[in-house]
Amino acid sequence: MIFTDKNISPKDITPKNVFEARREIIKVAAAGSFGLAFAPWFSRDAFGASTQLLSATPNSSYGKNIESTPYKSVTTYNNFYEFGTDKSDPSTYAGSLVTRPWTVTVEGLVKKPATFDIDDLLKLAPMEERIYRLRCVEGWSMVVPWDGYSLSKLLNKVEPLGSAKFVEFISLADSKQMPGVRGSVIDWPYREGLRLDEAMNPLTLLTFGLYGEALPKQNGAPVRIVVPWKYGFKSAKSIVKIRLTDQMPKTSWNTFDSHEYGFYSNVNPLVDHPRWSQATERRIGDPKGIFAPKIKTEMFNGYGEYVASMYAGMDLKKYY
Ligand SMILES: Nc1nc2c(c(=O)[nH]1)N[C@H]1C(S)=C(S)[C@@H](COP(=O)(O)O)O[C@H]1N2
Ligand SMILES: [Mo]
């Protein structure tokens with residue numbers, strides 16, 4: 001079925017319907033190719049989102065039988081401190097973010113450092129859609145169909161040197177576009193990091209979209225990282241630089257308070273945040289709101305079978 005903005009409104013339909021309908025649109029618009037497809041007749045106003053559709057092949061290897069969080073919640077309940085600290089600030093203010101032209105520089109301990117134009121980066125590898133849980137350190141979670149490809153595909157292109165041990169991610173910090181950067185909540189630019197093996201793990205997704213369309217600005221357009229077994233703050237948004245290093249990078253949250261935010265920050269119900277428990281979580285977008293049943297948080301956010309071996313022998317209470 002194909003519909004236009006004339007006969008549908010996001011308020012009338014369930015997110016699942018939107019998802020399925022979009023799949024149909026994507027199939028028609030992209031006819032099996034990967035990369036970007038434009039459907040100019042499909043108004044962005046219909047869903048309050050961009051018209052830039054991504055043709056992504058579903059990869060269900062890492063997420064089965066989980067209901068995605070409604071699109072509206074995913075795009076209106078956000079953490080993106082460059083646009084303010086309230087959950088509604090990013091969707092209210094991120095409109096000022098300019099996402100074209102945009103480049104991502106990959107540098108440091110690599111054989112072939114390079115700067116990629118975002119539209120080339122989109123086409124570097126086939127786009128996949130993976131339904132991942134994202135667990136925020138604050139105690140809420142969501143389930144999102146993310147569109148992208150494994151970060152390893154990009155890292156392999158630049159050929160990491162044997163001396164590279166860590167990967168640093170640096171977000172844009174432009175106070176002209178990002179009102180939050182004028183304040184000093186955290187140390188800008190937003191910086192995150194992973195060990196090289198974590199960055200190369202196939203689960204780590206270089207992410208360009210969600211629900212089959214280019215990332216809304218509030219979710220980190222035009223490109224972000226998604227690391228599903230770690231607390232959400234490890235998944236840096238709107239990145240402009242990726243740097244391979246031999247030293248553990250200083251990250252924004254670890255610099256803010258190293259007792260509260262460790263470098264690893266693997267989701268772990270057994271290691272509490274100094275100020276609150278991490279044993280349970282609340283799924284955002286649940287129609288029962290604050291009365292929704294608490295969900296038990298899983299070790300590695302439920303991705304242990306793919307990632308636990310990377311931490312064999314490590315004391316995860318010490319390396320939180
Ligand atoms: N640049 C940047 N990236 C960021 C953040 C941020 O404030 N700035 N917040 C992080 C946090 S705490 C979370 S939980 C996720 C939220 O992603 P979402 O808004 O797409 O759900 O983004 C992470 N990436
Ligand atoms: Mo978070």
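Ligands are counted one by one from 1 in listed order, and the atoms in each one are counted from 1 as well. As a basis for the values below, the full set of heavy atoms in this structure was taken, side chains included, without hydrogen atoms, waters or symmetry mates. As the structure is a prediction and not an experimental result, all values here were calculated from the model.
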When you measure from the heavy atoms of Arg224 to every atom of ligand 1, does any distance fall below 4.0 Å?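 It does, in that a heavy atom of Arg224 comes within the 4.0 Å cut-off of ligand 1.
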Is there a heavy atom in Ala236 that sits closer than 4.0 Å to ligand 1?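 Contact present.
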Check: Glu82 N/O within less than 3.5 Å of ligand 1 N/O: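 Right, the criterion is met.
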For Asn79, is at least one N or O under 3.5 Å away from an N or O on ligand 1?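 The answer is yes, given that Asn79 and ligand 1 share an N or O pair closer than 3.5 Å.
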Please evaluate residues Trp229 and Leu203 with respect to the criterion side-chain contact (heavy atoms from CB on, under 4.5 Å), reporting the C-alpha separation (whole Å), side-chain torsions for both, the decisive distance (0.1 Å), and the verdict. CA-CA 9 Å; Trp229 72 96; Leu203 262 74; 3.8 Å; yes
Phe208 ring centre to Arg224 NZ or CZ under 6.0 Å, with the angle to the axis within 45°?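 No; the conditions do not both hold, so Arg224 does not lie above the ring face of Phe208.
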Decide whether a cation-pi geometry holds between Lys234 and Phe263; the criteria are a distance under 6.0 Å from NZ or CZ to the six-membered ring centre and an angle within 45° of the ring axis.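 That pair qualifies as a cation-pi contact.
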Residue [X] vicinity, atoms of ligand 1 by number, heavy atom under 4.0 Å:
X      : value
Ser171 : 1 (N)
Met142 : 18 (P), 21 (O)
Ser235 : 4 (C), 22 (O), 23 (C), 24 (N)
Cys136 : 14 (S)

At a non-hydrogen distance cut-off of under 4.0 Å, which region of Phe80 contacts ligand 1 (side chain, backbone, both, or neither)?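 It is both parts that get close, each with some atom under 4.0 Å.
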What part of Glu138, side chain from CB on, backbone N/CA/C/O, both or neither, has a heavy atom under 4.0 Å from ligand 1?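 Contact part for Glu138 vs ligand 1: neither.
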Please report which non-hydrogen protein atom sits nearest to atom 15 (C) of ligand 1, along with the residue it belongs to and the distance in Å to one decimal place.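 Checked against all protein heavy atoms, atom 15 (C) of ligand 1 sits closest to Gly232 O, 3.6 Å.
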Looking at atom 3 (N) of ligand 1, what's its closest protein heavy atom, distance included?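 For atom 3 (N) of ligand 1, the nearest protein heavy atom comes out as Lys237 N, 3.0 Å.
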